[in-house]
Trainee: 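So that we are looking at the same thing, I have put the structure below in structure tokens.
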2 protein chains.
Amino acid sequence: MSFDLDRTDRRILNLLQQDSRISNQALAEKVGLSPPACLRRVRRLREEVIMAEVALINPRLVGRYINVIVEVEMVRDQLDIYDAFKRKMDTIPEVTQCYQVTGEVDFMLILMVEDMESYERFTRQYLSTDANLSKFRTLISLRRDKFSTAIPL
Amino acid sequence: MSFDLDRTDRRILNLLQQDSRISNQALAEKVGLSPPACLRRVRRLREEVIMAEVALINPRLVGRYINVIVEVEMVRDQLDIYDAFKRKMDTIPEVTQCYQVTGEVDFMLILMVEDMESYERFTRQYLSTDANLSKFRTLISLRRDKFSTAIPL
DNA sequence: TAAAATTTGCAATATTATTTCGTTTTAACC
DNA sequence: GGTTAAAACGAAATAATATTGCAAATTTTA
């Protein structure tokens, strides 16, 4: 399941998690390899552990000021009910994260919206009308103080 | 504050949010521009709205199975207490996200850890010993069903 | 310790990004 | 509506970078 990464692999991954636009030459130099040797490792890592390379944009600069955190509780702990809910969340662009959790709560959602009206629409369309949903609690955040996609290795 | 993006800018951003490794030529073709014209836009967007371009790695494949969601409540609603807490969270690699929220709860944290022992260590070192912290609630998730960094434009 | 497999670096090649510059389009103003 | 300034554009040349082939070195396995 878990791949065995040596020290060099981990250094490469750490660097690419900070800046994937680094040139292969610069990367090779930083980890002490020749460009071809480095490239081969990067290619292998891209196949094995790197899911995607993406641009992160500043939400505030494109009008997504509001982070909404929603705790969702379903009526029954039933697999097909969970799966249906996940699948639905997966299709909604405002829902950026969805975690299935253990305990009283069943799901944790994180949404990014322009205004509260957008969130209202979301609750009406997807939460208040879901017969399998028992209750939900909403937390509003205007400050995303930390957002790191990097997993330190 | 907010930059005005035309249709082409938005299409470029949407594509780069999905795959920033796309070649400038392919990108140019997709949005119907010449490579130089496209590159100029990308460069401007990188200065204005793109915060970073990063590799996303699969947490399960590097041993970070457990997502921990923590709701934190401080003893007093005081600015310097908040700021100190934020600054502390910022230094901890396991804390991948930190939101300041309104309502009963003051902060929402999302951590990624290898095992519960790591989380135990974290609580002892940073939560249980913080005199400004009144209480916290922990939710455990073994399933990150959705994790999207893209903001649809 | 020897054989097999993997990883490496060098040099040649292929892609791709980037610059230059003249042209076209858009925007602002009279 | 016509005129000018500014901004954005595309074609072609150039520069930078990634990529491949292959022999040598290293590591792993038996």
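Because the structure is predicted, anything quoted here is derived from the model rather than measured.
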Trainee: Contacts to DNA chain D from residues 35-53 of chain A, heavy-atom cutoff under 4.0 Å, which residues?
Mentor: Pro36(A), Leu39(A), Arg43(A)

Trainee: Could you work out, with side chain to side chain donor-acceptor pair (under 3.5 Å) as the rule, every residue matching Asp106(B), not counting sequence neighbours?
Mentor: Tyr82(B)

Trainee: Look at atom CD of Gln78(A) and say whether more than 12 heavy atoms of other residues, nucleotides or ligands are closer to it than 6.0 Å.
Mentor: yes

Trainee: Using the test side chain to side chain donor-acceptor pair (under 3.5 Å), find all partners of Thr138(A) that sit at least two apart in sequence or belong to another chain.
Mentor: Tyr119(A)

Trainee: Using the test side-chain contact (heavy atoms from CB on, under 4.5 Å), find all partners of Arg46(B) that sit at least two apart in sequence or belong to another chain.
Mentor: Arg21(A), Val42(B), Ile50(B), Glu53(B)

Trainee: Check salt bridge (charged side-chain N to carboxylate O under 4.0 Å, His left out) between Arg44(A) and all other residues, then give those that pass, not counting sequence neighbours.
Mentor: Asp9(A), Glu48(A)

Trainee: 5' to 3' on DNA chain D, which nucleotides open and close the contacts with chain A (atom under 4.0 Å from a heavy atom)?
Mentor: dT17(D) to dT20(D)

Trainee: Sequence neighbours left out, what passes salt bridge (charged side-chain N to carboxylate O under 4.0 Å, His left out) with Lys86(A)? Give chain and number order.
Mentor: Asp83(A), Asp145(B)

Trainee: Reading DNA chain C 5' to 3', which nucleotide is the first, and which the last, to come under 4.0 Å of any heavy atom in chain A?
Mentor: dT8(C) to dA11(C)

Trainee: Identify, with sequence neighbours excluded, every residue that meets side-chain contact (heavy atoms from CB on, under 4.5 Å) alongside Leu39(B).
Mentor: Asn24(B), Arg43(B)

Trainee: When Ile, Leu, Val, Met, Phe, Trp and Tyr are grouped by side-chain heavy atoms lying under 4.5 Å apart, directly or through other members, which residues fall in the same group as Met108(B)?
Mentor: Ile69(A), Tyr99(A), Val101(A), Val105(A), Met108(A), Ile110(A), Leu139(A), Phe147(A), Ile69(B), Tyr99(B), Val101(B), Val105(B), Ile110(B), Leu139(B), Phe147(B)

Trainee: Excluding sequence neighbours, so at least two apart, what forms salt bridge (charged side-chain N to carboxylate O under 4.0 Å, His left out) with Glu120(A)?
Mentor: Arg124(A)

Trainee: Of the options Leu5(A), Leu153(A), Leu27(A), which is the one that meets Ile12(A) in a side chain to side chain contact (heavy atoms under 4.5 Å, CB included)?
Mentor: Leu27(A)

Trainee: Are any of the side-chain heavy atoms of Thr8(A) and Arg11(A) separated by less than 4.5 Å?
Mentor: no

Trainee: Contact list please: residues 17-32 of chain A against DNA chain D, heavy atoms, distance less than 4.0 Å, in numerical order.
Mentor: Ser23(A), Asn24(A), Gln25(A)

Trainee: Are Tyr126(B) and Val113(B) co-members of a hydrophobic cluster defined by side-chain heavy atoms under 4.5 Å apart?
Mentor: yes

